[in-house]
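Quick one: this structure, given as structure tokens, is what I'll be asking you about.
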Amino acid sequence: MSLLQVNLPGLHLKNPIMPASGCFGFGREYSQFYDLSKLGAVIMKVATGSERFGNPTPRVAETASGMLNAIGLQNPGVEKIIENEVTFLSQYDTSIIANVAGSTIEEYEYVARTFNNTKAVHALELNISCPNVKEGGIQFGTDPKMAAKVTEIVKKASNLPVYVKLSPNVTDIVAMAKAVESAGADGLSMINTLTGMQINLASKRPIIANKTGGLSGAAIKPIAIRMIYEVKQHVHIPIIGMGGISSAEDVLEFLLAGASAVAVGTANFSNPLICSDIIDELPTTLERYGFDAVEDAIGKAVMNE
Amino acid sequence: MSLLQVNLPGLHLKNPIMPASGCFGFGREYSQFYDLSKLGAVIMKVATGSERFGNPTPRVAETASGMLNAIGLQNPGVEKIIENEVTFLSQYDTSIIANVAGSTIEEYEYVARTFNNTKAVHALELNISCPNVKEGGIQFGTDPKMAAKVTEIVKKASNLPVYVKLSPNVTDIVAMAKAVESAGADGLSMINTLTGMQINLASKRPIIANKTGGLSGAAIKPIAIRMIYEVKQHVHIPIIGMGGISSAEDVLEFLLAGASAVAVGTANFSNPLICSDIIDELPTTLERYGFDAVEDAIGKAVMNE
Amino acid sequence: MISKQRMKIVSTNQIAKDTIEMVLKNSYISENAIPGQFIHILVEGHTLRRPISIADVDKDNETVTILFKKLGSGTEKLSESKAGDFLNVLGPSGNGFETSTEGLHTVLLIGGGIGVPPMYYLGKSLAKQNIHVISVLGFQSKDHVFYEEKFQQFSKTYVVTNDGSYGDKGFVTSVIPNVGEFDRYYSCGPLPMLKAITNELSEKEGFISLEERMGCGVGACFACVVPTNTEKGYKKICSDGPVFAAREVIL
Amino acid sequence: MISKQRMKIVSTNQIAKDTIEMVLKNSYISENAIPGQFIHILVEGHTLRRPISIADVDKDNETVTILFKKLGSGTEKLSESKAGDFLNVLGPSGNGFETSTEGLHTVLLIGGGIGVPPMYYLGKSLAKQNIHVISVLGFQSKDHVFYEEKFQQFSKTYVVTNDGSYGDKGFVTSVIPNVGEFDRYYSCGPLPMLKAITNELSEKEGFISLEERMGCGVGACFACVVPTNTEKGYKKICSDGPVFAAREVIL
Ligand SMILES: Cc1cc2nc3c(=O)[nH]c(=O)nc-3n(C[C@H](O)[C@H](O)[C@H](O)COP(=O)(O)OP(=O)(O)OC[C@H]3O[C@@H](n4cnc5c(N)ncnc54)[C@H](O)[C@@H]3O)c2cc1C
Ligand SMILES: Cc1cc2nc3c(=O)[nH]c(=O)nc-3n(C[C@H](O)[C@H](O)[C@H](O)COP(=O)(O)OP(=O)(O)OC[C@H]3O[C@@H](n4cnc5c(N)ncnc54)[C@H](O)[C@@H]3O)c2cc1C
Ligand SMILES: Cc1cc2nc3c(=O)[nH]c(=O)nc-3n(C[C@H](O)[C@H](O)[C@H](O)COP(=O)(O)O)c2cc1C
Ligand SMILES: Cc1cc2nc3c(=O)[nH]c(=O)nc-3n(C[C@H](O)[C@H](O)[C@H](O)COP(=O)(O)O)c2cc1C
Ligand code: FES
Ligand code: FES
């Protein structure tokens, strides 16, 4: 099945499919359903400097063809993740990507440096959709300068390749992509969730305790595709695409738009076997649309211009 | 049914329901299905300074719980609209709102001034999701300064109340809302569509000839609700809410989030009688959730804070 | 006039590869439909309705027949409906075929693939008015062929398949020179086929039925415009069409 | 172990206002389910699965019974499924009730509304082990009452309704003082009810089943956490629960 292989900075993937951060925990639960060695990579749940409890519940709500979540970065902290979770995942023949977050640049730096000391992690995914507490809570991911800054610092703190995960809640996604590329990002990961809200008619309050939540799932796919397509025309680093993927056809659509690999998030909740199923179906789907290999499909819609 | 009544600048609406611009033409077609006098108002299809043909086809695509469109401002031009369409709509006992667009500030001004001379139009909805050809194609609706400028000019050119229709494709919707409020807007209309794309796997090209299209329908409702909720906390002018409404419950959700009236777009395509059906169901829905009148529900989720 | 109706599925059958024939009961639509019009069907879980041509009408039994190909998720889902279920439709939609028959002797029907269905009700109606009908039907391959015998009941019928697995091999255009004289043609099928036909038969009076992705299906949203030689410069396929005089539209 | 399964609907009946009883056939789940566990059901057109408690198991016939209330669009849609249809489920999910019976004599079951179903399989199982069972069931009104006779088959059963239209008027808490002695209680129902009960019965050993909006339903997404007195500070309702020792969780 060499036709599924993709090579990205620091990642030699047997196939382009990985579960998205936050939607797969650290793999334990889904390892009951299939052998995680089947996966191209696993993107772990977010890691912060120390343990976080996260937001009050309810933390999720369902929307038309999607869902909202406001988990709030709950995680046991980078040290425990390395100790317990990376160790667990290392038994599988798959790449491990650590999702890195923080409330300050220093926290990002700390987490990145800590991961750097473990051989088992292959790449970092920089989650910049976090409020910067030192800058009045503006998200790192909505300001090109702050995004560039945190990318630069993390790059210095770590030898691992860094994929910066872009937030779609911006006017100009290309400007964000260019800013982090210039700051040294090895790749991009896009898109994170769109900020949304649902109101409970009976209680007259937002359903999610945090009020707003991140919108994910099939509903946002057209936005993800548009953003990847736009960014692909302007940057040279590879893109890990995500946002509403739930089938091998969806994967191909992301590849054509410019993604070199993809992550599957919300769809794990409807079907815990989704990544495995997609890996099984992908060869046939590629062939049906005339592709000999994943690498041939990457960015084809953009090159067609 | 006085419980459905809403009073907004220039608009005394018998109910808060109106079809959204571009999804109802100039009413002729839907008048085959029900009496348009039933509607709170009709927001007409866009008007530009002169006739436009619009984009090549395909102009629409279906997405999960939504659709993409890139009609491209096709319309017969403001004069013909006044001559043929406003005249037609005037036979109905409903308010008429004209959706105004242009490629330059001067074109907006011209359209607004032309509508000003007809008694039959009750308000203008300023569609600022248009590229400004004189500023390198940046959309008026993604730059607070440009949005404020066009609002100001249109306010000067017309005595009609002006509702500025905000684009959701921005980092900071509150900044946009405040900018147009300061520039004299009488109200806001939100949200317009989110820019999206779908790629045809067989042709390996975007399905929509224009490549990108505007995403509308139930998929975007959580984003609309979030933006209205955020904006309502920071502006004092009323909001006409829209984005994915297809039931009386949806209408109530928009009212609670801070909308004073609502527009229904994409749902007309699934059900040509949707506005009429919602008007029928709204009283029961309001009562079920404990409201005596539409006006009591407006912004209730925000005030609950 | 177009109306929102419930149509009860009387029967549903797969009659060729991926091709479903459904008989739907509804007095309003069976009463008012003319050849070339379509119904606009709501499919659960889908935002946009699916336009499907009216392939036949039985006024006595108040039924309408449609034929459709399973192409994507909407038609796939529609094919899962069973007899007894109801469909939510708008119809009859659009303008049908010109069927004034004054001075008319022989007509040629040219249907390609899923463009064949509207030709059936049209041909049947014309034959009833004693017009001489010739039919040319093109399909991908043998497995896709349907309604040949039905067309033979009122017309001399030529079948071609792209791969030659049934009838003549090739495209409908390769047969047209052999069908003899005719006064007018009617055609429905994929755009490349319509382009070839309107070019080749540019001297003849012709009417063609066009397809386009639709939003509203009633003429309100401007999704389905086609450029025309008329003063306005365009027409809407859903409400001015789907049938147009071949000379009036720019393909 | 949790597994993805297809369950065939053997029967489906409305047994009270908005309340559906479904019998589902599947050998894996009937074989492995214990009282208090749930199945996580995929409903067409919905992103998130719906958690529904296992209300009864018949190992001989390889069936599982669920009872659910039509609340929103998911349960409404689910109620439209017919006998013969298949459900896509994950299960058996979560950790069930503590059923070690050493030294146990009498237990009290307290179910509120749609919290009644998991009490049924639990009570039936305990009674089979010769534990004395008392049941207190609370419903909104007479129309909502279900399974009273079924509980009576193995327990002294008290029914209360909020409006007094059936049984005693009031809340389950108003009856508890009258039921006599018991060693342990089990409860499932709305949060306010559980809060009241755990407060009132804080001296007793108790196990409660909690509800929360879920994402994954398998323990991966951290949607369904509940604060606990344990070292970690929280547990996940979908995988550590839904059943917890009353003392361990902070409601
Ligand atoms: C006036 C008219 C009459 C038609 N009559 C028939 C008929 O009798 N039998 C038949 O099999 N097909 C007919 N078609 C084509 C039919 O509408 C499409 O095959 C169908 O909409 C595809 O839907 P889908 O969900 O399977 O495909 P998808 O590709 O999943 O559909 C996605 C979207 O694109 C639209 N779309 C895709 N292909 C077409 C197309 N060729 N034309 C218009 N919209 C399209 C769909 O309606 C939908 O909005 C007709 C089309 C038109 C415009
Ligand atoms: C462990 C567990 C066991 C349950 N057992 C039963 C049972 O046996 N019978 C029964 O009728 N109900 C049970 N419930 C509640 C049931 O899951 C909800 O009533 C159902 O999910 C509502 O779905 P809906 O689509 O009708 O409502 P909607 O409000 O449309 O659902 C929207 C979203 O919110 C979630 N949601 C809404 N209410 C609840 C709730 N109370 N608990 C958890 N999620 C909710 C839905 O799952 C969905 O994701 C149980 C819940 C849990 C957590
Ligand atoms: C429940 C949930 C938790 C998430 N947690 C994280 C996270 O910890 N870090 C992160 O970068 N993204 C997180 N995301 C975003 C996803 O990784 C992904 O970018 C997004 O959901 C879009 O993909 P999808 O539509 O396939 O879910 C989370 C998403 C969901 C639904
Ligand atoms: C086919 C189509 C055409 C539209 N044309 C216009 C337009 O001309 N002017 C405008 O301001 N908005 C236009 N819109 C946006 C709608 O008015 C509305 O803001 C948006 O679709 C969100 O509402 P909905 O989800 O209910 O459709 C159009 C939307 C659609 C789907
Ligand atoms: S589909 Fe809307 S105008 Fe034709
Ligand atoms: S629902 Fe995902 S952890 Fe419980």
Side-chain angles (χ1 to χ4, degrees), chain A residues 19 21-34 45-46 51-76 80 200-202 207-209 213 215-219 244 246 265-274 276-277, chain D residues 1-6 32 40-51 71-77 88-94 190-192 210-228 230-241 249-251:
Chain A
S21 181
C23 302
F24 205 72
F26 301 97
R28 279 180 203 279
E29 295 79 15
Y30 290 99
S31 72
Q32 299 171 278
F33 291 93
Y34 60 94
K45 168 90 196 135
V46 71
E51 183 179 355
R52 298 225 191 170
F53 178 74
N55 292 322
T57 56
R59 293 176 170 187
V60 294
E62 189 178 70
T63 69
S65 296
M67 65 176 285
L68 294 169
N69 90 80
I71 306 297
L73 302 185
Q74 178 159 20
N75 80 98
K80 287 236 180 82
N200 184 316
L201 302 187
I207 291 190
I208 302 242
L215 182 64
S216 63
S246 73
T266 305
N268 289 287
F269 304 162
S270 331
N271 177 9
L273 291 147
I274 188 72
S276 170
D277 288 352
Chain D
M1 203 177 75
I2 189 170
S3 158
K4 189 176 154 202
Q5 295 285 324
R6 267 158 58 96
N32 292 290
H40 213 189
I41 308 177
L42 190 69
V43 184
E44 206 193 318
H46 293 267
T47 304
L48 299 176
R49 290 171 177 266
R50 282 3 188 212
L71 192 92
S73 66
T75 46
E76 181 68 44
K77 176 93 193 165
N88 172 329
V89 313
L90 306 183
S93 297
L191 193 59
L210 299 182
E211 282 187 7
E212 188 49 81
R213 284 170 191 257
M214 294 184 177
C216 65
V218 301
C221 78
F222 294 84
C224 65
V225 296
V226 55
T228 56
T230 58
E231 194 208 341
K232 221 162 111 196
Y234 72 91
K235 292 209 166 182
K236 296 174 196 157
I237 291 178
C238 69
S239 52
D240 301 322
V249 288
I250 304 164
L251 296 183

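Naming convention: chains lettered A, B, ... in sequence-line order (proteins, then strands); numbering from 1 in each chain.
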What's the spacing between A/I274 CD1 and A/T266 OG1 if we round to 0.5 Å?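 A/I274 atom CD1 to A/T266 atom OG1 measures 11.5 Å (nearest 0.5 Å).
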Please flag which part of A/S270 lies under 4.5 Å from any non-hydrogen atom of chain D: side chain, backbone, both or neither.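 The answer is both parts of A/S270.
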Checking heavy atoms, do the side chain of D/H40, its backbone, both or neither come under 4.5 Å from chain A?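 Neither the backbone nor the side chain of D/H40 comes within 4.5 Å of chain A.
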At a heavy-atom distance under 4.5 Å, which candidate from A/G66, A/G217, A/A219, A/P76 has the highest pair count against chain D?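 The residue among A/G66, A/G217, A/A219, A/P76 with the greatest pair count is A/G66.
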Can you measure from CZ (A/R52) to CD (A/Q74) and round to the nearest 0.5 angstrom?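 Answer for the CZ-CD pair, A/R52 versus A/Q74, is 11.5 Å.
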Heavy-atom distance under 4.5 Å to chain A: side chain of D/S239, backbone, both or neither?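 Neither the backbone nor the side chain of D/S239 comes within 4.5 Å of chain A.
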With a 4.5 angstrom heavy-atom cut-off, is it the side chain or the backbone of A/T63 that approaches chain D, or both, or neither?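 The answer is the backbone of A/T63.
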Flag the one option from D/L90, D/N88, D/L48 with the top tally of heavy-atom pairs under 4.5 Å to chain A.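 Maximum pair count with chain A is reached by D/L48.
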Quick check on A/P58 against chain D: is it the side chain, the backbone, both or neither that has a heavy atom closer than 4.5 Å?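 Both parts, backbone and side chain.
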Counting heavy-atom pairs under 4.5 Å to chain A, which of D/K232, D/M214, D/R50 comes out on top?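 When all of D/K232, D/M214, D/R50 are compared, D/R50 has the most.
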Ring-plane angle category for A/F24 and A/Y30, please: parallel below 30°, perpendicular beyond 60°, tilted otherwise.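 Parallel: the ring planes of A/F24 and A/Y30 meet at under 30°.
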Measuring from A/E51:CD to D/Y234:OH, what's the distance to the nearest 0.5 Å?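 Interatomic distance, A/E51 CD to D/Y234 OH, rounded to 0.5 Å: 7.0 Å.
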Is chain A contacted by the side chain of D/L42, its backbone, both, or neither, given a heavy-atom distance below 4.5 Å?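 Only the side chain of D/L42 comes within 4.5 Å of chain A.
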